[in-house]
Amino acid sequence: MTPEGGMGSAGEPRVFATTRWSLILSAASSESEEGKARVALAELCRTYWRPIFSFVCRRGYSMEDAQDLTQDFFMMILEHNWLEHADPNRGRFRSLLLKSLQNFLNNVAEKTHTQKRGGEVKFVSWDDWMAEAPSQILISAQALDSLPPERLFDLRWAATVVEHSLRRLREECEAKGRLRLFEVLSSYLTAERADISYAKLSSVLGLAETAVKKQLHNMRQRYRWLLRDEVAHTVENPADVEDEIRHLCAALAVETE
């Protein structure tokens with residue numbers, strides 16, 4: 001992951017004018033737009049369920065209880081009242097989601113019982129989700145066991161942003177018949193130049209070194225654009241994208257501390 005800006009192909013915007021999160025905030029009090037907002041919110045929930053689930057587990061709940069609580073939390077935020085009270089001043093979906101999750105768990109702790117497993121409404125299909133979107137960024141056991149819940153949430157969030165950006169890049173490369181190129185070069189998207197052996201990559205890919213350099217440069221540019229796009233969907237103000245990327249880079253750096 002890198003905080004550097006980057007453009008895609010010529011003419012591409014740096015961020016979308018209307019993102020999923022800005023749609024949710026703008027439509028929160030509009031019945032005519034509520035349906036679109038709920039769809040956008042559900043998509044964000046499906047994308048960022050890992051940080052939520054990890055946070056709940058880190059708060060001391062068993063895996064089974066954490067699954068139930070994560071599901072209950074999803075159902076709660078999809079209620080109309082949650083949309084109405086979404087605070088535009090907290091223009092980052094990550095921040096508002098974490099605060100809402102903390103409040104939700106505090107309320108749960110005050111209750112004598114929670115919804116039992118096997119309730120009538122199921123928002124999450126855990127087996128399907130785990131199978132279709134396995135985590136590709138490994139988090140050390142030490143981080144999982146020692147990080148405070150809030151820092152673990154941010155680490156999982158940052159990893160999810162990177163994973164989705166890489167998945168989209170892979171799909172684009174595969175659609176263009178360049179899957180082999182992605183598989184070889186994707187490990188070097190954020191590598192320092194001194195750590196890259198273009199001669200070795202040239203040999204592996206059967207391309208001239210100049211061609212390898214060009215392909216890696218183009219792939220890096222596209223990855224940066226996709227990364228910005230993923231982040232842009234979670235902030236209300238496009239001006240916050242760079243700062244949010246820096247925050248996520250800092251969260252990922254915990255693995256190297």
Discussion item. Any heavy-atom pair between the side chains of Arg94 and Thr234 that's under 4.5 Å?
Written reply: no
Fill in: Leu201 and Lys213: CA distance, side-chain angles, deciding distance, side-chain contact (heavy atoms from CB on, under 4.5 Å) verdict
CA-CA 9 Å; Leu201 292 175; Lys213 289 180 180 180; over 6 Å; no
Fill in: Heavy-atom check, side chain of Gln102 versus side chain of Lys99, under 4.5 Å
yes
Worksheet entry | Donor-acceptor pair between Arg156 and Ser54 side chains, under 3.5 angstrom | yes
Discussion item. Just verifying a value: how many Å separate Leu189 CG and Leu216 CG, rounded to the nearest 0.5 Å?
Written reply: 6.5 Å
Worksheet entry | Donor-acceptor contact below 3.5 Å, side chain Arg170 vs main chain Phe182 | no
Worksheet item: Shortest non-hydrogen contact from Tyr198 to Arg193?
Response: OH-NH1, 4.1 Å
Worksheet item: Any side-chain heavy atom of Phe93 within less than 4.5 Å of one from Leu41?
Response: yes
Discussion item. Between His247 and Arg92, do the side chains contain a donor N or O and an acceptor N or O under 3.5 Å apart?
Written reply: no
Practice prompt. Evaluate the side-chain proximity of Leu207 to Leu181: yes if any heavy-atom separation is below 4.5 Å, no if none is.
Written response: yes
Worksheet item: Going from CD1 on Ile52 to OG on Ser100, what distance comes out if it is rounded to the nearest 0.5 angstrom?
Response: 9.5 Å
Worksheet item: Between CG of Asn106 and CG of Leu101, what distance do you get to the nearest 0.5 Å?
Response: 9.5 Å
Worksheet entry | Side-chain (Ser203) to main-chain (Lys200) donor-acceptor, under 3.5 angstrom | no
Fill in: Minimum-distance pair of heavy atoms, taken over all atoms of Tyr61 and Val56
CD1-O, 3.3 Å
Worksheet item: So, Asp229 side chain and Trp225 main chain: donor-acceptor pair closer than 3.5 Å or not?
Response: no
Practice prompt. First locate atom CG of Leu155, then atom CZ of Arg58, and finally report the distance between them rounded to the nearest 0.5 Å.
Written response: 12.0 Å
Item to complete: Using the side-chain contact (heavy atoms from CB on, under 4.5 Å) rule, take Thr47 and Glu163 through it: C-alpha gap first, then chi angles, then the decisive distance, then the call.
Response: CA-CA 10 Å; Thr47 300; Glu163 287 171 346; over 6 Å; no
Fill in: Euclidean distance, Leu97 CG relative to Phe153 CZ, rounded to 0.5 Å
5.0 Å
Discussion item. If you define the side chain from C-beta out and look only at heavy atoms, does anything of Leu226 sit under 4.5 Å from Glu230?
Written reply: no
Discussion item. Would you compute the distance between atom CE of Met219 and atom SG of Cys173 and round it to the nearest 0.5 angstrom?
Written reply: 4.0 Å
Item to complete: Measure up the Tyr48 and His164 rings against each other and bin them: parallel (under 30°), tilted (30 to 60°), perpendicular (over 60°).
Response: tilted
Practice prompt. Could you tell me which non-hydrogen atom of Leu252 sits nearest to which non-hydrogen atom of Ala158, and how far apart they are?
Written response: CG-CB, 3.6 Å
Practice prompt. Answer yes or no: is there a side-chain heavy-atom contact under 4.5 Å between Arg59 and Val108?
Written response: no
Worksheet item: Could you walk me through whether Phe55 and Leu69 pass the side-chain contact (heavy atoms from CB on, under 4.5 Å) check?
Response: CA-CA 11 Å; Phe55 182 91; Leu69 288 169; over 6 Å; no
Worksheet item: Any chain of hydrophobic side-chain contacts (each under 4.5 Å) joining Val39 to Phe74?
Response: no
Item to complete: Take Cys45 and Ile77, measure what side-chain contact (heavy atoms from CB on, under 4.5 Å) needs, and give me the verdict at the end.
Response: CA-CA 9 Å; Cys45 289; Ile77 67 172; 3.2 Å; yes
Fill in: pair Thr70-Phe104: side-chain heavy atoms closer than 4.5 Å
no
Worksheet item: So do the side chains of Val235 and Asp243 get within less than 4.5 Å of each other, counting heavy atoms only?
Response: no
